[in-house]
Amino acid sequence: MKIIRIPVLSDNYVFVLFDENKKIAAVVDPAVAEPVLECLRELNAELIAIFNTHHHWDHVGGNKALLKHFPKLCVYGGIEDKNRIPGQQVFLQEGDTVKFGDRVGQVFFVPGHTRGHIAYYFPPSDETEPGELFCGDTIFAGGCGRLFEGTPSQMVNSLSKLRALPDNTRIWCAHEYTLKNLQFALTVDRENTTLEARYKEIREARSKGIATVPSILGIEKQTNPFLRWDKSSLQAVTKMKEPARVFGRLRGMKDQF
Ligand code: ZN
Ligand code: FE
């Protein structure tokens with residue numbers, strides 16, 4: 001499975017999954033249709049699936065137009081997003097699986113950013129490959145999604161599930177927010193030298209216009225404050241101990257940043 005990253009709008013990423021043998025493709029969170037159609041033409045691929053993570057317009061905006069071009073394609077989303085995702089046909093919940101070519105994706109129910117948010121995890125096809133996580137607006141490189149419809153404890157629960165995946169998992173998040181996220185991270189996780197090094201790398205990459213997605217889970221665990229509620233440094237800075245409270249305080253600080 002090849003993954004093609006398409007930058008759209010001001011800071012969104014749309015991901016096209018491509019099965020070279022079968023010449024089929026799937027798309028994760030098509031904010032818009034045209035760049036996806038262009039990519040499919042280049043690949044000479046038929047679009048068979050849309051995998052939506054949640055109902056926000058910058059993730060489902062292209063659904064209708066893609067359905068028009070590929071009437072047989074199947075639109076997947078979370079069961080709690082029923083009536084909120086245009087063209088949705090499959091209503092997924094925790095533990096469900098989705099098929100694409102010879103790969104099987106596992107569905108995680110990860111409410112917090114929205115109440116219906118799901119993530120898709122494709123385990124490695126062999127030992128030399130990483131798994132691929134499509135987590136929408138749940139984990140970002142260096143950050144996490146805002147809590148629009150969920151509570152800190154829901155989000156901690158959701159992030160805990162994703163944090164438990166193998167360290168080499170690639171994190172295909174839906175926005176290029178990394179630099180800003182790490183600028184915030186530096187203000188709350190001040191003695192983290194891994195974070196400082198990562199910030200320098202990312203600043204360099206962004207100054208050249210290089211994408212910082214996908215990220216790698218192991219690096220997130222070391223540098224993303226929103227996955228580090230159980231570290232003493234972040235408990236000290238938030239003056240909290242309980243995971244949801246540490247996380248909630250951090251999220252509040254980031255909202256003001
Ligand atoms: Zn969103
Ligand atoms: Fe978004």
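Keep in mind that what you see is a predicted model, and the values were worked out from it rather than measured. First listed ligand is number 1; within each ligand, the first listed atom is number 1.
- Asp137 contributes OD2 as its N, O or S atom closest to the Zn ion (ligand 1).
- Of all N, O or S atoms in Asp137, the one lying closest to the Fe ion (ligand 2) is OD2.
- Judged by the 6.0 Å and 45° rule, Lys2 forms no cation-pi pair with Phe18.
- Taking the Fe ion (ligand 2) as reference, His59 places its N/O/S atom NE2 nearest.
- Look at His54 and the Fe ion (ligand 2): no N/O/S atom of the residue is under 2.8 Å from the metal.
- For the Zn ion (ligand 1), the N/O/S atoms of His54 include one lying under 2.8 Å.
- Residue Asp58 approaches the Fe ion (ligand 2) most closely through its N/O/S atom OD2.
- Under a cut-off of 6.0 angstrom, the local environment of NZ in Lys23 is crowded, with over 12 non-hydrogen atoms contributed by other residues, nucleotides or ligands.
- There is a side-chain donor-acceptor pair under 3.5 Å between Asn52 and Asn63.
- Within His113, the N/O/S atom positioned nearest the Zn ion (ligand 1) carries the name NE2.
- Within 6.0 Å of atom CZ in Arg206, more than 12 heavy atoms from other residues, nucleotides or ligands are found, so the atom counts as buried in its surroundings.
- By the rule that hydrophobic residues join a cluster once side-chain heavy atoms approach within less than 4.5 Å of another member, Leu162 and Tyr121 end up as members of one cluster.
- A salt bridge between Glu196 and Lys200 is absent, with no side-chain N of the basic residue lying under 4.0 Å from a carboxylate O of the acidic one.
- Shortest distance from the Zn ion (ligand 1) to His56 is reached at ND1 (N/O/S atoms only).
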